[in-house]
Structures are given as structure tokens and as C-alpha cells.
**Student:** 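Encoded as C-alpha cells, here's the structure I'll be asking about.
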Amino acid sequence: MLGAMARVSQAHLDARRRQILDGASVCFARNGFHATSVQDVLKEVDLSAGAVHRYFSGKEELIAAIVGEVLGQVREAFEEESRHVPPPPPDALVSSVLGRLLAARESLTVDGRPAFPRLIIQVWTETLRNEDLAALLYEGCTGVREAWSRIVVAYQDAGMMRADVPPDHVARTMIAAVLGFLVQQSLFGPAPVEVLRDGLRALMSVSPPLSGA
């Protein structure tokens, strides 16, 4: 009986933490980190200051938790794929990971549009004034780059990708493609991940022109 009560209690705590993180994400996506106060977050999640402070000491800790969670999920997803021999091709791999990431946050909206792409832009902007966040982002992105580099090595070992390009160069390019796609979603409106998948697939199909053409 006590074990069941503990499980229910932990489930409740996890759900409350999720509620706070999601509400803060919407607030930050709407107005940016600097213009959002803790009071804005409290209003969004309809909780008291004491209830929120049980989980987070303040706005900076909320920001770090949101960014750390996203980067951790992305890194873990790519690390999992890197263990496949060989990994799925880049177009399928990126669309799968990004699709899961967006689907998990599709309920978070600002003015009827997905909040997550706007949040990503706010994160990068905030790193210009927040050294702690910049360090957290650097560490997280480094982990993603390392995971992608291992994937590229697996491609090269399997003969799926040319071997004369440094794996880190490919890793940085794939990260740039994903971030660029998210920025476009914020600027131009939602687009299915199949757009990125198809674009990568087309680029992967490019071959040298026939001689004399």
C-alpha cells in the first residue's frame, strides 16, 4: 500500500513539474526570457509562488531546465541511433528524431502557432547576454555533435558516405539544417518534418554531371 502511494505521489510531482515547464516554455516563447517574469509563469500555470518554488528557485533555473531537457532528449535520440549498425540514412534519422521532438510539444502554442520553434530562437538570443545559458547550450550542442560524429563514422565504415570528409563537418551541417528548419517554422509557419526529410533526400541524390554535358 505504501509503495503504491509513493508511486502515485511521484507521478503527481512529475506531472506538476511538467506543467510548470510547459507553461514557462509558452511564456518564454511568447515574450522572450528577459521580458517574462516569474509572475507571468505563475499566471500561465495557475499555481502559487510556493508551488513553483518547490521545483525551481527562479526564472534562471527554469530556463536552464527547459534548455537542458531539450538538448538531453536530442542527444539521447541520436546516441541511440548511433548504436544501430549501420544507422538509418540522414534523411530518415533527422526526420524521425525531430518529428518526435515536435510531436511531444505540439500542444504548446502561442497565438495558435507552435511555441517550440519560437522558443528555440529565444534561447539563442538569450545566450548573447546569459553566459551560464551559453555554457549550457555549448555543452549540450557538443554532445549532439559527438553523437552525430559517431553516426557519420558508422556511415563511412559501412560505405554509405564518402570517407574524405571529417565527421565533425557533417555533424555541424546536420545541426545547422535542423536549427534552420526550426527557424523557418517560426518565421513562415508550421511545416511537416517531411519537408526537411525530402530536402535532405534530394541533396543526398546529387551526383556529378555527365562528362561533356
**Student:** How about His84: does its NE2 atom have over 12 heavy atoms from other parts shown lying under 6.0 Å from it?
**Tutor:** yes
**Student:** Does Arg197 have any side-chain hydrogen bond (donor to acceptor under 3.5 Å, both in side chains) partners at least two apart in sequence or in another chain, and if so, which?
**Tutor:** none
**Student:** Backbone N or O of Ala92 within a donor-acceptor pair of the Ser96 side chain at under 3.5 Å?
**Tutor:** no
**Student:** Rounded to the nearest 0.5 Å, how far does OG of Ser48 lie from CZ of Arg54?
**Tutor:** 10.5 Å
**Student:** How close do Glu61 and Ser57 get, heavy atom to heavy atom, and via which atoms?
**Tutor:**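 For Glu61 versus Ser57, the nearest heavy atoms are OE1-OG, 2.6 Å.
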**Student:** If you look only at pairs with a residue in residues 164-185, which of them pass as a side chain to side chain donor-acceptor pair (under 3.5 Å), with sequence neighbours excluded?
**Tutor:**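 As it turns out, the side chain to side chain donor-acceptor pair (under 3.5 Å) pairs with a partner in residues 164-185, which skip direct neighbours, are Arg145-Asp168, Arg162-Asp164.
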**Student:** Given side chains that start at C-beta, do those of Ser25 and Phe116 come closer than 4.5 Å, heavy atoms only?
**Tutor:** no
**Student:** Is there a path of hydrophobic side-chain contacts, each under 4.5 Å between heavy atoms of I, L, V, M, F, W or Y residues, that connects Phe28 with Val110?
**Tutor:**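 They do not share one cluster, since no chain of ILVMFWY contacts under 4.5 Å joins Phe28 to Val110.
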**Student:** Would you sort out whether Met160 and Met204 count as a side-chain contact (heavy atoms from CB on, under 4.5 Å), showing the intermediate values?
**Tutor:** CA-CA 11 Å; Met160 298 170 60; Met204 289 161 56; over 6 Å; no
**Student:** Between Val26 and Thr109, does the side-chain contact (heavy atoms from CB on, under 4.5 Å) criterion hold? Intermediate values first, please.
**Tutor:** CA-CA 7 Å; Val26 169; Thr109 61; over 6 Å; no
**Student:** Can you give me the closest heavy-atom contact between Gln156 and Pro167, atom names plus distance?
**Tutor:** OE1-CG, 3.9 Å
**Student:** Closest heavy-atom contact between Ala191 and Val195?
**Tutor:** CB-CG2, 4.3 Å
**Student:** Counting neighbours of CG on Asp14 that are heavy atoms of other residues, nucleotides or ligands and sit closer than 6.0 Å, is the number greater than 12?
**Tutor:** yes
**Student:** Side-chain contact, heavy-atom cut-off 4.5 Å: Tyr55 with Leu62?
**Tutor:**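 Sidechains of Leu62 and Tyr55: no contact.
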**Student:** With a 4.5 Å cut-off on side-chain heavy atoms, are Leu47 and Gln19 touching?
**Tutor:**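 The answer is yes; the side chains approach within 4.5 Å.
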**Student:** Nearest 0.5 Å, what's the SG-CD distance between Cys141 and Glu146?
**Tutor:** 11.5 Å
**Student:** Given the rule in the side-chain contact (heavy atoms from CB on, under 4.5 Å) test, do Glu126 and Phe33 qualify, once you have shown the distances and angles that lead to the verdict?
**Tutor:** CA-CA 7 Å; Glu126 183 68 7; Phe33 295 117; 3.3 Å; yes
**Student:** Counting only N and O atoms by type, is there a donor-acceptor contact under 3.5 Å from the side chain of Ser186 to the main-chain atoms of Val183?
**Tutor:**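 Judged by distance alone, no pair lies under 3.5 Å.
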**Student:** With the side chain counted from C-beta on, respond yes when Ile63 and Asp132 share a heavy-atom pair under 4.5 Å apart, and no when they do not.
**Tutor:**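 Of all side-chain heavy-atom pairs linking Asp132 with Ile63, none is under 4.5 Å.
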**Student:** Any side-chain heavy-atom pair from Trp148 and Pro90 closer than 4.5 angstrom?
**Tutor:** yes
**Student:** For a 4.5 angstrom cut-off between non-hydrogen side-chain atoms, does Arg105 reach Val70?
**Tutor:** yes
**Student:** Does Val193 belong to the same Ile/Leu/Val/Met/Phe/Trp/Tyr cluster as Val94, with side-chain heavy atoms less than 4.5 Å apart forming each link?
**Tutor:**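 As far as the 4.5 Å side-chain criterion goes, Val94 and Val193 are connected within one cluster.
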**Student:** To check you understand the geometry: which heavy-atom pair defines the closest contact between Asn130 and Leu133, and what is its length?
**Tutor:** OD1-N, 2.9 Å
**Student:** Kindly work out whether a path of hydrophobic side-chain contacts (I/L/V/M/F/W/Y, heavy atoms less than 4.5 Å apart) joins Val170 to Leu93.
**Tutor:** yes
**Student:** When you compare the side chain of Arg118 with that of Arg113, does any pair of heavy atoms fall below 4.5 Å?
**Tutor:**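 Result no, sub-4.5 Å side-chain heavy-atom pair not found.
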**Student:** Working note: Ser37 + Asp40, criterion side chain to side chain donor-acceptor pair (under 3.5 Å); need CA distance, chi angles, decisive distance, verdict.
**Tutor:** CA-CA 5 Å; Ser37 67; Asp40 294 327; 3.1 Å; yes
**Student:** Let me know which of Leu102, Leu196, Ile121 forms a side-chain contact (heavy atoms from CB on, under 4.5 Å) with Leu182.
**Tutor:** Leu102
**Student:** Looking at every heavy atom in both Ile66 and Ala24, which two are closest together, and how far apart are they?
**Tutor:** CD1-CB, 4.0 Å
**Student:** Using the rule that two of Ile, Leu, Val, Met, Phe, Trp, Tyr join whenever any of their side-chain heavy atoms come within less than 4.5 Å, decide whether Leu179 and Leu203 are in one cluster.
**Tutor:** no
**Student:** Compare every heavy atom of Ser82 with every heavy atom of Ile151, then report the nearest pair and how far apart it is.
**Tutor:** CG1-CB, 3.5 Å
**Student:** Go through the steps for Glu139 and Leu71 under the test side-chain contact (heavy atoms from CB on, under 4.5 Å), then give the verdict.
**Tutor:** CA-CA 9 Å; Glu139 180 182 357; Leu71 289 172; over 6 Å; no
**Student:** Hey, could you give me the CG/OG1 distance between Leu137 and Thr142, rounded to the nearest 0.5 Å?
**Tutor:** 9.0 Å
**Student:** Within this structure, what is the CZ-CG distance for the pair Arg30 and Leu108, rounded to the nearest 0.5 Å?
**Tutor:**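 One gets 11.0 Å once the value is rounded to the nearest 0.5 Å.
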**Student:** Check whether Tyr155 reaches the backbone of Arg150 with its side chain - one donor and one acceptor, N or O, closer than 3.5 Å.
**Tutor:** no
**Student:** Within the 4.5 Å heavy-atom criterion, are Tyr138 and Thr127 side-chain neighbours or not?
**Tutor:**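 The answer is no; the side chains never approach within 4.5 Å.
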**Student:** Would Val165 and Met161 show up in the same hydrophobic cluster when neighbours are defined by side-chain heavy atoms closer than 4.5 Å?
**Tutor:** yes
